[in-house]
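When a ligand or atom number is given, it counts from 1 through the structure's own listing order.
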Amino acid sequence: MQKNEYKVIGVMSGTSLDGIDLVYVNFHFDTRWSFEIIYGETVNYDSHWVEKLRNLVSYSSEDLKELDASYTNYLSEKISHFIKKYNIQEIDAVCSHGHTALHQPDKGLTYQIGNLPQIAEILNETVVCDFRVQDVKYGGQGAPLVPIGDKLLFSEYDFCLNLGGFANLSTDVNSERIAYDVCPVNIVLNKYVKQLGFDFDDKGTIASRGTVNKELLNQLNNLEFYRAGYPKSLGLEWVFKNIFPLIDSFKLEIKDVLRTFVEHIAIQLASEINKKANASVYVTGGGVYNKFLINRLKSHTKNKIVIPSATIIEFKEALIFGFLGVLRLRNEVNCLQSVTGASRSHSSGVIYMPKK
Ligand SMILES: Nc1ncnc2c1ncn2[C@@H]1O[C@H](COP(=O)(O)OP(=O)(O)OP(=O)(O)O)[C@@H](O)[C@H]1O
Ligand SMILES: CC(=O)N[C@H]1[C@@H]2OC[C@@H](O2)[C@@H](O)[C@@H]1O[C@H](C)C(=O)O
């Protein structure tokens, strides 16, 4: 008999590099899954780690291995601190995504750092991690993985949309869950606003003062990725190749770059959610706080944009990685073939038990 209650710590480090999201969650299974987030916290990266993690694409494989070891230690310390700070006593498992260093699924490659076995030793807890590798081995994109959580934990919404470094979306088509990355979001906005000395464009204020450059907007909207069908996913490499050089070639003022890119995001998001009429769209991720972006999105759609509580906005991904870990402990499917394009649906993630 499987248990029906799990207390886990979910851990996620997203592409925007704003920090490590940690949640302590209680998952309960009755006729369907429910959850309660007990504690949630984001531990910001210091500038030293931001620099390192920002430049991972240019690392040699040896340097990456070294960094993986030190990042695993660093991550373990942060998780350990979270456990102590909240005096967390009951833990079935720590379920951790790590940080994506390389993601080229079409070459059979995806690599998340922070997932070395020492994490279980340092924490002295069961750790479930490395959720993407098996999917790529089965021919899948290894991403996005959150949609199984959307399906089982947030089934009342027609779409779940996350606005993080990239925008990703999930929905049911003929009662089968599909999901894909839509376009880059904060990974691009943050890079340009940094040139003005800010980490992000608070509420989208700077973008709102800019002007759309129609030619750039046109060229962005015409990128090949947007014509491809799902499954499809984006990585940093794609942005470095297709987005930054294109934007830079226009030599625009930063506020105009931001304004144009916000319009691009709104158009790409709307073109996806408008595929269903009278639909509800549950929006999470830090991009929700970009008021200007949300307003631009609303002006391109008649569908209902639902914004949840701050806890869910900020911790939904960490929550779902906790959930993926629970499903893995139960040996139940946590990677959907219909989402990633793998040869089968499967239960993914490595389980490390500490030598007690
Ligand atoms: N007040 C705000 N105004 C505008 N943008 C904001 C605000 N607060 C947060 N953001 C944006 O949200 C980002 C963080 O979002 P989030 O934590 O969802 O990203 P992530 O988890 O790194 O990404 P991913 O989902 O791609 O892994 C910030 O880097 C910033 O760009
Ligand atoms: C390879 C990788 O880390 N991909 C991330 C990234 O950030 C957003 C988007 O690109 C998504 O595909 C994925 O993360 C989410 C959490 C996912 O797997 O569902």
Side-chain angles (χ1 to χ4, degrees), residues 10-21 40 42-45 50 53-54 56 97-105 109-115 130-133 135-136 140-151 160-170 177 179-194 198-208 230-239 258 261-262 265 283-295 310 312-321 323-324 334-336 339-340 348:
V11 188
M12 173 69 189
S13 170
T15 35
S16 304
L17 292 178
D18 54 327
I20 302 162
D21 296 329
T42 300
V43 180
N44 293 329
Y45 285 117
V50 172
L53 298 176
R54 201 192 297 285
L56 288 175
H97 170 266
H99 186 87
T100 294
L102 291 172
H103 188 63
Q104 294 169 24
L109 199 67
T110 188
Y111 182 12
Q112 284 68 44
I113 56 172
N115 291 336
D130 237 343
F131 292 100
R132 299 191 194 274
V133 173
D135 193 74
V136 170
Q141 293 280 316
L145 300 186
V146 159
I148 181 89
D150 294 344
K151 189 175 174 71
C160 282
L161 172 64
N162 179 65
L163 303 176
F166 297 87
N168 45 22
L169 179 147
S170 90
R177 182 70 25 166
Y180 45 94
D181 287 348
V182 179
C183 60
V185 179
N186 295 314
I187 199 86
V188 174
L189 300 177
N190 288 0
K191 177 194 146 108
Y192 286 96
V193 82
K194 195 165 194 276
F198 303 105
D199 286 338
F200 55 86
D201 181 13
D202 192 14
K203 301 187 191 69
T205 314
I206 302 173
S208 73
Y230 60 84
K232 58 178 180 177
S233 66
L234 287 167
L236 261 185
E237 296 91 331
W238 183 87
V239 178
L258 297 173
F261 206 77
V262 163
I265 297 165
V283 195
T284 55
V288 167
Y289 298 122
N290 190 323
K291 260 195 178 159
F292 182 63
L293 170 61
I294 298 296
N295 285 339
I312 302 284
I313 290 175
E314 285 158 35
F315 297 112
K316 178 166 167 268
E317 289 186 349
L319 162 83
I320 291 181
F321 276 94
F323 186 56
L324 294 187
N334 62 5
C335 281
L336 296 168
V339 171
T340 66
S348 173

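Residue contacts with ligand 2: A143 is placed with no nitrogen or oxygen under 3.5 Å of a nitrogen or oxygen of the ligand (distance criterion only). An N or O contact shorter than 3.5 Å is missing between E317 and ligand 2 by distance. Ligand 2 has an N or O atom lying under 3.5 Å from an N or O atom of L145, backbone or side chain. Annotation: T100 places an N or O atom under 3.5 Å from an N or O atom of ligand 2; distance criterion only. At a 3.5 angstrom cut-off on N or O pairs, F200 does not count as close to ligand 1. Between N162 and ligand 1, a contact under 3.5 Å exists for at least one N or O pair. Checked by distance only, ligand 2 and H103 stay at 3.5 Å or farther apart across all their nitrogen or oxygen atoms.
Scanning both residues, H99 and G14, for their nearest heavy atoms gives CE1-O, 3.3 Å. In terms of heavy-atom proximity, Y289 sits nearest to A310 at OH-CB, 3.6 Å.
For N190, every heavy-atom contact with ligand 1 shorter than 4.0 Å involves the side chain, none the backbone. With a 4.0 Å heavy-atom cut-off, ligand 1 is reached by the side chain of E317 but not by its N, CA, C or O.
Taking atom 9 (C) of ligand 1 as the reference point, the nearest protein heavy-atom neighbour is G286 O, 3.6 Å.
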Throw together a table of side-chain donor-acceptor distances under 3.5 angstrom for residues 183-191, partners on residues two or more places apart or in other chains.
unit_1, atom_1, unit_2, atom_2, d
N186, ND2, L163, O, 3.4
N186, ND2, G164, O, 3.0

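Each of the following atoms of ligand 2 lies closer than 4.0 Å to a heavy atom of N168: 8 (C), 9 (C), 11 (C), 15 (C).
Under a 4.0 angstrom heavy-atom cut-off, R132 registers as being in contact with ligand 2. At a 4.0 Å cut-off, at least one heavy atom of D18 sits close enough to ligand 1 to count as contact.
Residues Q112 and D130 meet the side-chain proximity criterion, which asks for heavy atoms closer than 4.5 Å.
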